Engineer: 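First the structure, which I've put down as C-alpha cells, then a few questions once you've had a look.
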2 protein chains.
Amino acid sequence: MEAVYKAISDPNRRAVLDLLMLGDQTVSELLGHFNFSQPALSKHLRVLREAGLVTARSDGRSRRYALKPERLRTVAEWVRHYERFWNERLDGLGALLDEETKP
Amino acid sequence: MEAVYKAISDPNRRAVLDLLMLGDQTVSELLGHFNFSQPALSKHLRVLREAGLVTARSDGRSRRYALKPERLRTVAEWVRHYERFWNERLDGLGALLDEETKP
DNA sequence: GAAATATATAACCAATCAGTTATATGTCAA
DNA sequence: TTGACATATAACTGATTGGTTATATATTTC
C-alpha cells in the first residue's frame, strides 16, 4: 500500500516497470538496459517484488520477471482525485471565465 | 519532473496535498492535522514547493499555501500507461478466455 | 519600539537508500 | 563432478531523508 509510492520514487525502478510493459524479461535482459551493476538491479527488483509490483518465476537458471500492475491502481486512484483541479479552475483565468459565463 | 515522485513518496506530504484539496491553508492550519513539529512541516512544504506541487503567498504574518496540481498530471499520465494491464489480461484467466472466444 | 505571533532556516542525528565489491546458491553443460 | 553461467545476498559506504531543538526573520499589536 505505502511501499508502492517508495518503489516508484526511483527513476531506475520506474524504468524497470516500463521495460516489463513490453513483456516478461530475465534479469540479464533487463540488466542490458542499465549501466549499474547486477547486484544493484537485484536490489531494485527486490524492492519492486516487496511492493507487489512484479513477480518472478525461475526458468532454468535464469529468473523471469513479470509486471503485476494491480497495486499501481492505488496510485492511479489517488492522482485521479486531483484531476478536477487541472480541469476546472485552470489557474484563475478559467475560473474567472467560468464565473463570467455562469448564468 | 523527477522531484514530483520523490515528493509524493512520503505519506505526510501526500496528506498535505490532500488537505490542500479542501482549499488554501496557512501553515498553522495545516499543522493542526499533524503531530510533528512546525519545522518538520516547513521542510515538507519546501519539498512540495520545490517539486512545483504547491505555491505560497504571504498573507499578513502568515503564509497561505495552495495546491498547484499541474505536475501531478505527469504522474497521472505515467500510471495511465499501465491501465490496459489491469483491464486486458486479468492475470492469465482473462487472457485465456479472450483466446478461447476469439473466433 | 517591545513583546508576541507565524514561519523559515540552521545545525544536528539516526535511519534509510542506492550504489559498490565480494561471495554464496542453484542450474546447466562437458 | 567440475566449471561456467545467472542471480541473490552480505557487508560496506557516502548521500539523502525525516525528524529534532535552537535561532533568525518578518509582521502585528500594545
Side-chain angles (χ1 to χ4, degrees), chain A residues 1-20 22-68 71 75 78, chain B residues 1-20 22-68 71 75 78:
Chain A
M1 315 56 178
E2 160 59 27
V4 174
Y5 290 92
K6 293 284 183 190
I8 67 171
S9 74
D10 182 86
N12 288 324
R13 281 193 295 263
R14 287 199 305 282
V16 168
L17 294 176
D18 289 345
L19 285 168
L20 289 179
L22 309 174
D24 302 5
Q25 315 231 14
T26 67
V27 176
S28 310
E29 284 166 351
L30 289 171
L31 191 57
H33 297 274
F34 300 100
N35 39 14
F36 45 72
S37 66
Q38 174 267 314
L41 177 56
S42 241
K43 273 172 70 173
H44 282 309
L45 289 170
R46 183 206 260 261
V47 172
L48 290 170
R49 255 185 288 122
E50 287 176 348
L53 290 170
V54 302
T55 56
R57 50 175 251 273
S58 289
D59 175 22
R61 58 180 149 183
S62 53
R63 302 202 93 202
R64 203 150 263 288
Y65 277 80
L67 198 60
K68 189 185 152 199
R71 296 282 172 87
V75 179
W78 180 75
Chain B
M1 315 62 176
E2 160 59 26
V4 174
Y5 291 93
K6 293 282 184 191
I8 67 170
S9 74
D10 182 86
N12 289 323
R13 282 194 294 264
R14 287 199 305 281
V16 168
L17 294 176
D18 291 344
L19 285 167
L20 290 179
L22 309 174
D24 302 6
Q25 315 230 13
T26 67
V27 176
S28 310
E29 285 165 350
L30 289 170
L31 191 56
H33 298 275
F34 299 101
N35 39 14
F36 46 71
S37 66
Q38 174 266 315
L41 177 55
S42 243
K43 274 172 72 173
H44 282 309
L45 289 170
R46 184 207 258 262
V47 172
L48 290 170
R49 255 186 288 121
E50 289 178 346
L53 289 170
V54 302
T55 58
R57 49 175 253 274
S58 290
D59 175 22
R61 59 181 147 185
S62 53
R63 304 203 91 203
R64 203 151 264 288
Y65 277 80
L67 197 61
K68 189 185 154 201
R71 296 283 172 87
V75 180
W78 180 75

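Predicted, not measured: the structure shown is a model, and the values here were computed from it. Throughout, protein chains are lettered first and strands after them, A, B, ... in sequence-line order, and every chain is numbered starting at 1.
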Engineer: Taking the ring centre of each residue, are A/H44 and A/F34 less than 6.0 Å apart?
Structural biologist: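 So the answer is no for these two rings.
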
Engineer: How many Å lie between CZ on B/R49 and P on C/dT9, as a whole number?
Structural biologist: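 Taking atom P of C/dT9 as the reference, CZ of B/R49 is at 6 Å.
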
Engineer: Within the pair A/Y65 and D/dA6, is there a side-chain N or O less than 4.0 Å away from OP1 or OP2?
Structural biologist: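 No, outside the criterion.
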
Engineer: When you measure from the side-chain N and O atoms of A/K6 to the phosphate of D/dG18, is any distance below 4.0 Å, counting only OP1 and OP2?
Structural biologist: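 Checking A/K6 against D/dG18: at least one side-chain N or O falls below 4.0 Å of OP1 or OP2.
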
Engineer: Which whole-number value in Å describes the distance from B/D59 CG to D/dT28 P?
Structural biologist: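 Whole-Å distance recorded here is 9 Å.
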
Engineer: Has A/N35 got more than 12 heavy atoms of other residues, nucleotides or ligands less than 6.0 Å from its CG?
Structural biologist: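 12 or below, so no.
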
Engineer: C/dA8 C1' sits how many Å from B/E50 CD, rounded?
Structural biologist: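 That distance rounds to 12 Å.
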
Engineer: For A/R63 and A/T26: C-alpha separation, side-chain torsions, deciding distance, then whether side chain to side chain contact (heavy atoms under 4.5 Å, CB included) applies.
Structural biologist: CA-CA 5 Å; A/R63 302 202 93 202; A/T26 67; over 6 Å; no

Engineer: Is the shortest side-chain N/O distance from B/R63 to OP1 or OP2 of C/dA8 below 4.0 Å?
Structural biologist: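 For C/dA8, OP1 or OP2 has a side-chain N or O of B/R63 closer than 4.0 Å.
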
Engineer: For the side chain of A/Q38 and the base of D/dA6, is some donor closer than 3.5 Å to an acceptor across the two?
Structural biologist: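 Counting by modelled atom types and ignoring angles, no donor-acceptor contact under 3.5 Å is found here.
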
Engineer: As a test of reading the structure: which of C/dA6, D/dA8, C/dA8 is closest to the side chain of B/L45, going by heavy atoms?
Structural biologist: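 Between C/dA6, D/dA8, C/dA8, the one nearest the side chain of B/L45 would be C/dA8.
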
Engineer: Nearest to the side chain of A/H44 - C/dG19, D/dA8, D/dG18?
Structural biologist: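 Side chain of A/H44 sits closest to C/dG19.
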
Engineer: Going through the checks in order, is the side chain to side chain contact (heavy atoms under 4.5 Å, CB included) test met by A/L45 and A/L41?
Structural biologist: CA-CA 6 Å; A/L45 289 170; A/L41 177 56; 3.9 Å; yes

Engineer: As a test of reading the structure: which of D/dG18, C/dA18, D/dA8 is closest to the side chain of A/V27, going by heavy atoms?
Structural biologist: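 Of the options given, the side chain of A/V27 lies nearest D/dA8.
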
Engineer: With nearest nucleotide decided by heavy atoms, which residue, B/R61 or A/A40, maps closer to the 5′ end of DNA chain C?
Structural biologist: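 Looking at the nearest nucleotide for each, B/R61 comes out on the 5' side.
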
Engineer: Of the options D/dT20, C/dA6, D/dT9, whose atoms approach the side-chain atoms of B/S37 most closely?
Structural biologist: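 Of all the options, the side chain of B/S37 is nearest to D/dT20.
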
Engineer: For A/S42, answer base if it contacts any base atom (sugar-phosphate contacts may also be present), sugar-phosphate if it contacts only those atoms, and nothing otherwise; contact means non-hydrogen atoms under 4.0 Å.
Structural biologist: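 Base, at least one base heavy atom under 4.0 Å.
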
Engineer: Just by distance, no angles: are the side chains of B/Y65 and B/R57 close enough, under 3.5 Å, to form a donor-acceptor pair?
Structural biologist: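 B/Y65 vs B/R57: no donor-acceptor pair found between side chains.
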
Engineer: B/D10 has a side chain; which of D/dT9, D/dG18, D/dA8 sits nearest to it?
Structural biologist: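 Among the listed nucleotides, the one closest to the side chain of B/D10 is D/dG18.
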
Engineer: For A/R13 and for B/A56, find the nucleotide of DNA chain C with the closest heavy atom, then tell me which residue's nucleotide is more 5'.
Structural biologist: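 Taking each residue's closest nucleotide, the earlier one in sequence belongs to B/A56.
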
